[in-house]
Amino acid sequence: MQITFPDQTKKEFDKNTTGYDIALSIAEGLARNAVAVSINGTLADISRPVTEDAEIRIITLKDAEGLEIYRHSSAHIMALAVKRLYPDVLLGFGPAIEDGFYYDFDNVELKQADLEKIEAEMKKIMNEKIVFERHVISLKEAKKLFKDDPYKMQQIAKLGESEQLSCYKLGDLIDLCRGPHVPHSGFLKAFKLLRIAGAYWLGDSNNKMLSRVYATSFPSKKELDDYLEMRRQAEERDHNKVGRELDLFMTDKNVGQGLPLLTPKGSTIKIILQRFIEDEEIRRGYLYTITPLLAKSDLYKISGHWEHYRDGMFILEGDNAEDLYALRPMTCPFQYSLYNRTKHSYRDMPVRYAETSTLFRNESSGEMHGLIRVRQFTLADGHIICRPDQLEEEFNSVLDLINYVATTLGLKNLTYRFSKWDPNDKKKYIDNPEAWESSQKILKAILDKSGLEYYEADGEAAFYGPKLDIQFKNVWGKEDTIITVQIDFASAERFKMRYTDADGTEKTPMIIHRSSIGCYERTIATLIEQYAGKFPFWLSPEQIRLLTINEELGSYAETVALKIRNAGLRVAVDKRGETLGKKVLDAQHEYIPVIVTIGNKEKEEGTVSVRTLDGKVVQGMQLDEFIKKCEELNKTRNLETVF
RNA sequence: GCCAGAAUAGCUCAGGGGUAGAGCAACGCUCUCGUAAAGCGUGGGUCUCGGGUUCAAUUCCCGAUUCUGGCUCCA
């Protein structure tokens, strides 16, 4: 038979030569490092005989697929270790994931302390060099083999149509698995079990919760150590740690879960961001509103929140038990009510409402996370009510605003998600399949035309329409939505919103729900991680710190500070009787972007000595010139502080 | 809500059945200093809260609360 290699060279082999022997014919080292073989684009074990002419690629750990196979095999090795230690264990799924792998176990109670035991057993298994044996079995045989395993039986039932199944035997562990796998357990070189978490079977909260062990493995100890060090450094940027250390926010158990308090410093950042957005939106034709933070249930019944979002709302009793109110989880129905206060001409469309809107959502107790998932937050919210023919242009104008905001903030690594509905989830979504299909088609067309790179996700839409979500990955590798733009096909009709068209008839407008900077809490969390706590000059709560050389210069420093403060800059004076080095150290630890030193020389000359966070010092700068430069940094919102 | 961890001084953490300790911070005194930590001293704790076991609990057990990672949900 003829084998074609990736470089298009061809070579003759006997029929049924294994991938391993083909690799061996190229180089001994290649055969030794081969974890699998790609036969006409399909991955198979390296020991698999090749039966006919084929294009062959030998997969090693240097290939992305190779690493994935390696980690999947690592998961099996972990499962074998667990099986040896806990013979009654039942196995769920055990896939390779982005940075490692996991396995879901049932019928066993795993604690953090058990991970060490499992790791030790895995090391034993590594040394035993147990071969991964692949067996192809019929559906009937599979049902017999796994009759005592409810999870495997469910999988088998799902795979029902395919006549042949493969399973892998690793020592005493037989697992239903498509493979491929590395040849034997001795291939595993470096691994670490990371943590235990609960995970619902098939991701459904109605199902039983299994014990999931997260772990990772690498081809070498060095790569594993590098990865763990990289994780450690990423976690050093954790907004929840840095934000508290820098005194930007705190929580208090008497206030409650998911209710962070912004300190004066954190509040300053929020206020600066808010001014930036409000000014920018007003410039772009938004009309600002201020609407109530709570309303009668009547309003939410019209909007659909009562039906689709009630679990997420804080509900309050009014004058009597039947008279229910709710804190608002969204701003939309309030702005729709405002829209309806007058008649609207087609000439006056679109109407763009914006509001700095405090919202309340009754998240489940386990969901809260620093400033990222909270029960009360402030959204830079807005609704564009427009004619259908204006939808695309308005959507694009929102994208332009978001892009401007992201660029100004220096937000990197954003991804775009086109979030669609799940037609099978009748409870979560407004039941109007045609409207869903058509609005999703419209949104997709807009996105395609805009040239934005996006991916699609089912079941992520809002209850009233599809959306574009702008996603950010936090230091834990978890994605969160920071900004969202949504098309709403339902609300205008529900609220009987109208405009008078050119022909005198009453038409129903389209609505775009949008944010510009997202909600302040989450965005600040994102920024803390993006900047690793080092906020740019224009956003820093304390922009300038004046340090005095000795205590006698205190009152002069105060007059300098006053002059700087009068220019609209945020400044503090460190008059402590500490050494200059100590004061510099403290200011650097607090990430104050500009440190100004004042000594007798500066006092006589009317100058300042300016130090930036990078350690650079500019001496003898005239005070007026310094203030001018700072004002410039504020105005341009420069991400770099250079003098 | 569920699974796994954690909670000791303002902060970071040590300790351990016989009512607590360090460093930093705070405060006081000395020093008056030129760009990443001057010296000495002082005060500061219901060991998260509520039960239980015990002669004795901060320590062991149970429950609650909050914080952390994950699942489900979500901006």
Side-chain angles (χ1 to χ4, degrees), chain A residues 102 104 109-115 194-214 235 238 240-241 244-245 247 250-259 309 311-312 329-330 357 359 361-374 377-381 419 428 459-460 462 467 469-472 476-484 486 513 515 518-523 525-526 547-553 576-589 595-602 609-612 615-617 619:
Chain A
Y102 67 77
D104 287 343
E109 264 182 48
L110 292 176
K111 298 262 176 262
Q112 192 74 33
D114 298 323
L115 294 184
L194 300 171
R195 56 185 161 267
I196 298 173
Y200 296 107
W201 169 242
L202 301 178
D204 184 339
S205 57
N206 296 314
N207 290 340
K208 189 172 180 193
M209 180 163 274
L210 311 179
S211 293
R212 174 172 297 178
V213 178
Y214 280 98
E235 283 158 28
D238 184 357
N240 218 338
K241 181 177 150 72
R244 289 173 203 266
E245 279 169 1
D247 194 30
M250 61 166 279
T251 46
D252 184 309
K253 66 178 184 228
N254 293 322
V255 175
Q257 238 193 334
L259 298 168
Y309 208 83
D311 287 349
M330 297 181 195
S357 180
L359 303 175
R361 296 186 185 175
N362 193 2
E363 305 287 351
S364 316
S365 61
E367 318 283 8
M368 261 64 76
H369 170 54
L371 289 180
I372 286 182
R373 261 315 260 296
V374 292
F377 56 96
T378 307
L379 183 67
D381 207 354
S419 300
K428 189 170 159 190
E460 296 286 352
K467 51 183 188 155
D469 291 320
I470 293 152
Q471 305 289 105
F472 180 82
W476 299 98
K478 192 169 165 172
E479 245 188 35
D480 285 300
T481 302
I482 60 167
I483 303 169
T484 177
Q486 313 169 347
H513 301 237
S515 185
C519 74
Y520 290 95
E521 292 79 1
R522 185 174 288 187
T523 298
T526 303
L547 311 184
T548 49
I549 293 297
N550 59 51
E551 288 179 79
E552 276 150 28
L553 287 158
R576 290 176 304 164
E578 295 286 350
T579 58
L580 185 63
K582 172 65 172 157
K583 294 197 224 185
V584 168
L585 176 70
D586 288 345
Q588 299 264 87
H589 279 164
I595 298 169
V596 165
T597 306
I598 293 176
N600 294 316
K601 204 173 91 194
E602 283 79 6
S609 164
V610 182
R611 179 183 167 122
T612 39
K616 289 197 180 111
V617 180
Q619 301 207 3

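Chain letters run A, B, ... following the sequence lines, proteins first, then strands; residues in each count from 1.
Within the structure, a side-chain polar atom (N or O) of A:Arg611 is placed less than 4.0 Å from OP1 or OP2 of B:A36. Taking only side-chain nitrogens and oxygens, A:Lys428 comes nearer than 4.0 Å to OP1 or OP2 of B:C74. Between A:Lys467 and B:A75 there is a side-chain N or O to OP1 or OP2 distance below 4.0 Å. Close to B:A36, at under 4.0 Å from its OP1 or OP2, lies no side-chain N or O of A:His589. Close to B:C67, at under 4.0 Å from its OP1 or OP2, lies a side-chain N or O of A:Gln257. Look at A:Lys208 and you won't find any side-chain N or O under 4.0 angstrom from OP1 or OP2 of B:U72. Listed pair A:Ser364 / B:C73 fails the phosphate criterion, with no side-chain N or O lying under 4.0 Å from OP1 or OP2. In this model, the phosphate group of B:A4 is approached by a side-chain N or O of A:Lys111 to a distance below 4.0 Å at OP1 or OP2. Regarding contacts with the backbone of B:G1, a side-chain N or O of A:Ser365 is found under 4.0 angstrom from either OP1 or OP2.
For the C1' atoms, the distance from B:C61 to B:A57 is 11 Å, rounded to whole Å. Remark: the separation of the C1' atoms in B:C3 and B:C11 is 31 Å, to the nearest Å. When the P atom is compared between B:G63 and B:U59, the two are found 15 Å apart, to the nearest whole Å. Distance check on atom P: B:G41 versus B:C47 gives 28 Å, rounded to whole Å.
Heavy atoms of A:Thr251 sit under 4.0 angstrom from primed sugar atoms or phosphate atoms, though from no base atom. Residue contacts for A:Gly203: at a heavy-atom cut-off of 4.0 Å it reaches the sugar-phosphate backbone alone, with no base atom in range. Within 4.0 Å of A:Asn600, counting heavy atoms only, lies at least one base atom of the nucleic acid. Among the atoms of the strands shown, only primed sugar atoms or phosphate atoms (P, OP1, OP2) are found under 4.0 Å from some heavy atom of A:Ala199. No contact: A:Leu379 has no heavy atom under 4.0 Å from any strand. As judged by a 4.0 angstrom heavy-atom cut-off over every strand, A:Lys241 is placed among residues making no nucleic acid contact. The residue A:Arg195 sits close only to the backbone: its heavy atoms come under 4.0 Å of sugar-phosphate atoms, none of a base. Contacts of A:Gly615 with the nucleic acid, taken as non-hydrogen atoms under 4.0 Å apart, are absent.
Taking 3.5 Å as the limit, the base of B:A75 and the side chain of A:Glu363 contain a donor-acceptor pair of atoms between them. Within 3.5 Å, a donor on the side chain of A:Glu551 pairs with an acceptor on the base of B:U32, or the reverse. Contact annotation: side chain of A:Arg212 to base of B:C71, donor-acceptor pair absent below 3.5 Å. Checked by distance alone, A:Glu367 brings no side-chain donor or acceptor within 3.5 Å of a matching partner on the base of B:G70. In the interface, the side chain of A:Gln588 is paired with the base of B:A36 through a donor and an acceptor atom under 3.5 Å apart. Within 3.5 Å, a donor on the side chain of A:Thr597 pairs with an acceptor on the base of B:U35, or the reverse.
Under a 3.5 Å cut-off, the side chain of A:Lys583 and the backbone N or O of A:Thr597 do not form any donor-acceptor pair. Using a distance-only test at 3.5 Å, with no hydrogens or angles considered, a donor-acceptor pair links the side chain of A:Glu521 to the main chain of A:Thr378. Remark: the backbone N or O of A:Ala380 is paired with a side-chain donor or acceptor of A:Ser515 at under 3.5 angstrom.
For the residue pair A:Arg522 / A:Thr481, no side-chain donor-acceptor distance below 3.5 Å is found, with atom types taken as modelled. A:Asn206 and A:Asp204 form a side-chain donor-acceptor contact under 3.5 Å, judged by distance and modelled atom types alone.
A stacking contact between A:Tyr214 and B:G70 is absent: the pair does not combine a ring-centre distance of less than 5.5 Å to the base's six-membered ring with planes differing by less than 30°.
Judged by closest nucleotide on RNA chain B, A:Leu110 is the one of A:Leu110 and A:Gln486 placed further toward the 5' end. Residue order along RNA chain B, read from the 5' end via each residue's closest nucleotide, puts A:Asp238 first among A:Asp238 and A:Gln471.
Pair assignment for B:A64: B:U48, on the basis of Watson-Crick or G-U wobble contacts that are both within less than 3.5 Å. Within the shown strands, nothing qualifies as a pairing partner of B:G34 under the Watson-Crick or G-U definition with both distances less than 3.5 Å. Across the strands present, B:A26 finds its partner in B:U42; the criterion is a Watson-Crick or G-U wobble pair with both atom distances under 3.5 angstrom. Nucleotide B:C55 forms a Watson-Crick or G-U wobble pair with B:G18, both donor-acceptor distances falling under 3.5 Å. Nucleotide B:A9 is matched to nothing when pairs are restricted to Watson-Crick or G-U wobble geometry with both distances under 3.5 angstrom.
Picking from B:A75, B:G1, B:U35 the nucleotide with the shortest atom distance to the side chain of A:Tyr200 gives B:G1. When distances run from any side-chain atom of A:Ile549 to the nucleotides B:G34, B:C24, B:A75, the shortest one goes to B:G34. If you check B:A26, B:C71, B:C24 against the side chain of A:Lys478, the one that comes closest is B:C71. Distances from the side chain of A:Asn240 to the nucleotides B:A38, B:C67, B:G1 place B:C67 closest.
Within the 4.5 Å cutoff, no side-chain heavy atoms of A:Thr251 are placed close to those of A:Gln257.
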